[in-house]
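Residue indices begin at 1 and follow the sequence shown.
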Amino acid sequence: MKQKEVLIVGQGLAGTLLAFELHFAGVEVCIVNNPQKSTAMRVAAGMVNPLVFKRMTKSWMVDDLLSVMKKRYQELEEVLGERFYFNLPMIKPLSEQETELWQQRKTDEKFAPFIQEICESSPVQPIFEANAYGIVRGSGYLKTGLFLDAAKRFFQENELLIEADFPASQSNFSDRVFQDIRYNKIVFCEGHYLKSHPLFDLVRLQPAKGEVLQIYAPELSEEYIINRRVFVLPIGDHRFKVGSTYEWKDLTDRPTEEGKNSIVDRLKDLIHVDFTVEAHWAGVRPTVTDRRPVLGKHPEFNHIYLFNGLGTKGVMLAPYFAKEMKALLIHHNYTIDKEVDLNRFL
């Protein structure tokens, strides 16, 4: 029987980044992933925005997260032989009131690294006519599908991946054996499927379905992400990912006409060029009610852990908190920040 230190269930963004952290640290790790289970990250735009436009605040922990994120994705690009993270400035059309707030923020040294400039006219034509246009630096995107597929190939080549379903049953929790592998610890990283997990009903998960379109717009600039009520993210060859929607009742991964129409209507208010819708996807985000990730050890089973709840900002959160999760797994009595600790729900 094979012996592994850690078994990870789920090869979404959380499971993938954690597996790399443990593998690079020399920990014997194995991933179990059911390819039939959808992952929102495979269809997500993967956008990174360091600012919260609604209140014009910095994204939570952005100063710590960005540096770790960029370093880790760059390292993984070298390991996997693919480029999948791209820095790209973002344009935000501003109202008169928003312009005043942005100008105030621009003089604040805390915001200066993220506000490149405030322009009277947009460098991208033709888009929504506004009082001014804020240009964000530090933004960008991860080609999530490309990254997860490249990671899957790496795990397969290194015999770190089993494609199978891990049934959530009492015997699997207690005997620590799965498909002739005995493991010391198990980490569940199954995204929104956490909602039906028998051991983690204490977590206040609030999954949110999101829909995204791919459009072809040959007259639209590919030099910026545009963001006003809908984002327009260039992905190459005059193609753009556009989204998204939020739905809390229909938690399937099936695209809807209602979702498509909602995105198209907002898009027509933002850009004034011809476009063609080429693809339409949907996925369910593993969002927690307090909008914070969840890391920690199960209160009853000392060998069972959780790494989940990355939500809409998973691309930025995953590298940093994968390192935290690794430390919790390999260092005795390591303390997780209370804001993300699983114990906050007890």
Identify all side-chain donor-acceptor contacts of residues 113-129 below 3.5 Å with residues at least two apart in sequence or on another chain.
from   : atom 1 : to     : atom 2 : distance (Å)
Ser122 : OG     : Val124 : N      : 3.0
Ser122 : OG     : Val124 : O      : 2.8
Gln125 : NE2    : Ser122 : O      : 2.8

message: Do Val48 and Leu142 have side chains that approach each other closer than 4.5 Å (heavy atoms only, starting at C-beta)?
response: no

task: Give a yes or no on whether the backbone of Lys110 and the side-chain of Arg105 come within a donor-acceptor separation of less than 3.5 Å.
output: no

- prompt: Does one side chain, of Thr16 or Gln11, offer a donor that lies under 3.5 Å from an acceptor on the other?
  reply: yes

- prompt: Are more than 12 heavy atoms from other residues, nucleotides or ligands located less than 6.0 Å from atom CG of Asp265?
  reply: yes

task: Answer yes or no: is there a side-chain heavy-atom contact under 4.5 Å between Arg285 and Ser244?
output: yes

field: Straight-line distance of Lys195 NZ to Asn308 CG, nearest 0.5 Å
entry: 12.0 Å

statement: The residue among Leu270, Val230, Val277 that forms side chain to side chain contact (heavy atoms under 4.5 Å, CB included) with Val242 is Val230

message: Counting only heavy atoms from other residues, nucleotides and ligands, does the tally under 6.0 Å from CZ of Arg254 exceed 12?
response: no

query: Roughly how far, to the nearest 0.5 Å, is CE of Met90 from CZ of Arg137?
result: 14.0 Å

task: May I ask you to decide if Gly10's main-chain N or O and Asn33's side chain share a donor-acceptor pair within less than 3.5 Å?
output: no

- prompt: Side-chain contact, heavy-atom cut-off 4.5 Å: Leu346 with Pro299?
  reply: yes

- prompt: Cluster question for you: counting only ILVMFWY and a side-chain heavy-atom cut-off of under 4.5 Å, with indirect links fine, are Val315 and Leu51 together?
  reply: yes

- line: When every non-hydrogen atom of Pro93 is compared with those of Glu98, the smallest separation belongs to O-OE1, 3.8 Å

- prompt: Can the ring centres of Trp102 and Phe53 be said to be less than 6.0 Å apart?
  reply: yes

N/O donor-acceptor pairs under 3.5 Å from side chains in residues 158-165, not counting sequence neighbours:
from   : atom 1 : to     : atom 2 : distance (Å)
Asn158 : ND2    : Phe154 : O      : 2.8
Glu163 : OE2    : Lys152 : NZ     : 2.8
Asp165 : OD1    : Asn34  : ND2    : 3.4

query: For the ring pair Phe155 and Phe20, is the centre-to-centre distance below 6.0 Å?
result: yes

- request: Give a yes or no on whether Ile271 and Leu94 share a hydrophobic cluster (residues Ile, Leu, Val, Met, Phe, Trp, Tyr; joining criterion: side-chain heavy atoms under 4.5 Å apart).
  value: no

Apart from Trp248 itself, residues in the same hydrophobic cluster as defined by side-chain heavy atoms under 4.5 Å: Tyr246

message: Once rounded to the nearest 0.5 Å, what's the spacing between atom OG1 of Thr287 and atom CZ of Arg204?
response: 15.0 Å

message: As an exercise, state the distance from CG of Leu17 to CG of Leu148, rounded to the nearest 0.5 Å.
response: 9.0 Å

query: Should Leu342 and Phe200 count as side-chain neighbours, where that means a heavy-atom distance under 4.5 Å?
result: yes

field: Listed partners of Tyr305 passing ring pair (Phe, Tyr, Trp, His ring centres under 6.0 Å), at least two apart
entry: none

- request: Using the test salt bridge (Lys or Arg N to Asp or Glu O under 4.0 Å), find all partners of Asp149 that sit at least two apart in sequence or belong to another chain.
  value: Arg42

task: Drop me the distance from Ile304's CD1 to His197's NE2, to the nearest 0.5 angstrom.
output: 7.0 Å

- request: Treating Ile, Leu, Val, Met, Phe, Trp and Tyr as nodes and any side-chain heavy-atom pair under 4.5 angstrom as an edge, say whether Met69 and Val136 lie in one connected cluster.
  value: yes

- request: Look at the side chain of Glu5 and the backbone N and O of Lys185, then say whether any donor-acceptor pair between them is shorter than 3.5 Å.
  value: no

- prompt: Does Arg176 offer a backbone N or O that forms a donor-acceptor pair with the side chain of His303 under 3.5 Å?
  reply: no

query: Side chains of Leu76 and Tyr85: does their closest heavy-atom pair fall under 4.5 Å?
result: no

field: Tyr141 and Phe86 aromatic ring geometry - parallel, tilted or perpendicular at 30°/60° bounds
entry: parallel

message: On a heavy-atom basis, which atom in Phe307 and which in Ala14 lie closest, and how many Å separate them?
response: CE2-O, 3.5 Å

message: Would the distance check show the side chain of Lys4 and the main-chain N or O of Ile181 forming a donor-acceptor pair, the cut-off being under 3.5 Å?
response: no

Using residues 317-324 as the side-chain source, report each donor-acceptor pair under 3.5 Å to any protein atom, sequence neighbours left out, with the distance given to one decimal.
from   : atom 1 : to     : atom 2 : distance (Å)
Lys323 : NZ     : Glu21  : OE2    : 3.3
Glu324 : OE1    : Tyr334 : OH     : 3.2
Glu324 : OE2    : Tyr334 : OH     : 2.9

- line: Applied to residues 207-225, the side chain to side chain donor-acceptor pair (under 3.5 Å) test, sequence neighbours excluded, yields Lys209-Asp250, Lys209-Thr252, Glu211-Thr256, Glu211-His280, Gln214-Glu278, Glu222-His238

task: Identify, with sequence neighbours excluded, every residue that meets side-chain hydrogen bond (donor to acceptor under 3.5 Å, both in side chains) alongside Lys71.
output: Glu75

field: Co-membership, hydrophobic cluster, residues Phe111 and Leu65, 4.5 Å side-chain
entry: yes

query: When the ring planes of Phe147 and Tyr73 are compared, do they come out parallel, tilted or perpendicular, using 30° and 60° as the limits?
result: perpendicular

- prompt: With sequence neighbours left out, what residues match Asp290 under salt bridge (Lys or Arg N to Asp or Glu O under 4.0 Å)?
  reply: Arg344

message: For Val9, is there any backbone N or O sitting under 3.5 Å from a side-chain donor or acceptor partner on Glu190?
response: no

message: If you compare all heavy atoms of Ala151 against all heavy atoms of Leu80, which two are closest, and at what distance to 0.1 Å?
response: N-CD1, 4.0 Å

- prompt: Sub-3.5 Å donor-acceptor pair from the side chain of Arg292 to the main-chain atoms of Glu339, do we have one?
  reply: no

message: Please tell me whether Leu88 and Ile226 are part of a single hydrophobic cluster in this structure, the criterion being side-chain heavy atoms less than 4.5 Å apart.
response: no

- request: Please identify each residue that fulfils salt bridge (Lys or Arg N to Asp or Glu O under 4.0 Å) with Glu82, with sequence neighbours left out.
  value: Arg153

field: Residues forming a side-chain contact (heavy atoms from CB on, under 4.5 Å) with Asn131, sequence neighbours excluded
entry: Glu96, Thr99

task: Apply ring pair (Phe, Tyr, Trp, His ring centres under 6.0 Å) to Phe345 and list each qualifying residue two or more places apart in sequence or on a separate chain.
output: none

